[in-house]
Amino acid sequence: MGGKRVFYNCDKCPAYCCSYPRIQTTRKDLRRLAKHFGITLERAREKLTKRGPEKGERVLRQQHDHIYDSVCAFLDRQSRQCTVYESRPEICRNYPGSSRCGYYDFLSFERRAQEDPDFIPLI
Ligand code: SF4
Ligand code: SF4
């Protein structure tokens with residue numbers, strides 16, 4: 001019953017982790033996304049990803065953003081929610097990989113310091 005306790009709240013964060021330029025996808029991720037959009041694996045690979053820095057690597061495409069410059073193409077820029085949440089890649093599911101999120105700690109610290117609950121510090 002219940003998940004592990006975590007010390008961050010993604011609902012209060014403008015999705016900093018979705019601004020990483022290198023969101024890697026595996027073949028399994030691509031299969032899941034292809035199914036989500038009702039397209040072939042090849043088409044998903046072409047349309048939804050681009051070449052990453054490592055040989056053979058495919059990373060999610062990006063879009064321009066008013067907060068972090070660029071974010072994942074699947075992020076809804078207004079609501080700051082993932083538009084493919086149920087089908088998102090494994091790397092997104094596992095992030096941040098511990099009970100704390102470094103960015104959230106930073107965000108909370110700055111919001112307290114500025115006494116502004118909506119403040120968004122840029123790194
Ligand atoms: S940066 Fe951290 S707090 Fe913000 S959405 Fe990502 S995991 Fe959640
Ligand atoms: S797939 Fe969703 S969770 Fe993953 S980076 Fe893109 S918007 Fe964020």
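Residue indices begin at 1 and follow the sequence shown. Both ligands and their constituent atoms are indexed starting at 1 by order of listing.
- Interface of Tyr104 with ligand 1, defined as ligand atoms under 4.0 Å from a residue heavy atom, comprises 3 (S).
- Residues Leu48 and Arg58 fail the side-chain proximity criterion, which asks for heavy atoms closer than 4.5 Å.
- With Tyr20 as the aromatic partner, Arg22 does not meet the cation-pi criteria of under 6.0 angstrom to the ring centre and within 45 degrees of the ring axis.
- The SG atom of Cys92 sits 10.0 Å away from atom OH of Tyr85, with the distance rounded to the nearest 0.5 Å.
- Residue Pro14 comes nearest to Arg111 through the heavy atom pair CD-NH2, 4.3 Å, listed as atom of the first residue, atom of the second, then distance.
- Against a heavy-atom cut-off of under 4.0 Å, Cys13 is close to the following atoms of ligand 1: 1 (S), 3 (S), 4 (Fe), 5 (S).
- When side chains are defined from C-beta on, Lys28 counts as touching Arg32, because their heavy atoms get closer than 4.5 Å.
- Looking only at heavy atoms of the protein, atom 2 (Fe) of ligand 1 is closest to Cys101 SG, 2.4 Å.
- Residues Arg80 and Asp65 are in side-chain contact: their nearest non-hydrogen atoms beyond the backbone lie under 4.5 Å apart.
- Summarising the geometry, atom CD1 belonging to Ile120 is positioned 13.0 Å from atom OH belonging to Tyr16; distances are rounded to the nearest 0.5 Å.
- Among all protein heavy atoms, the one lying closest to atom 8 (Fe) of ligand 1 is Cys10 SG, 2.4 Å.
- Using a 4.0 Å cut-off to heavy atoms of Tyr95, the atoms of ligand 1 that qualify are 7 (S).
- Each protein N/O/S atom under 2.8 Å from atom 4 (Fe) of ligand 2 was counted, for a total of 1.
- Classified by interplanar angle (parallel below 30°, tilted 30° to 60°, perpendicular above 60°), the ring pair Phe37/Phe74 is parallel.
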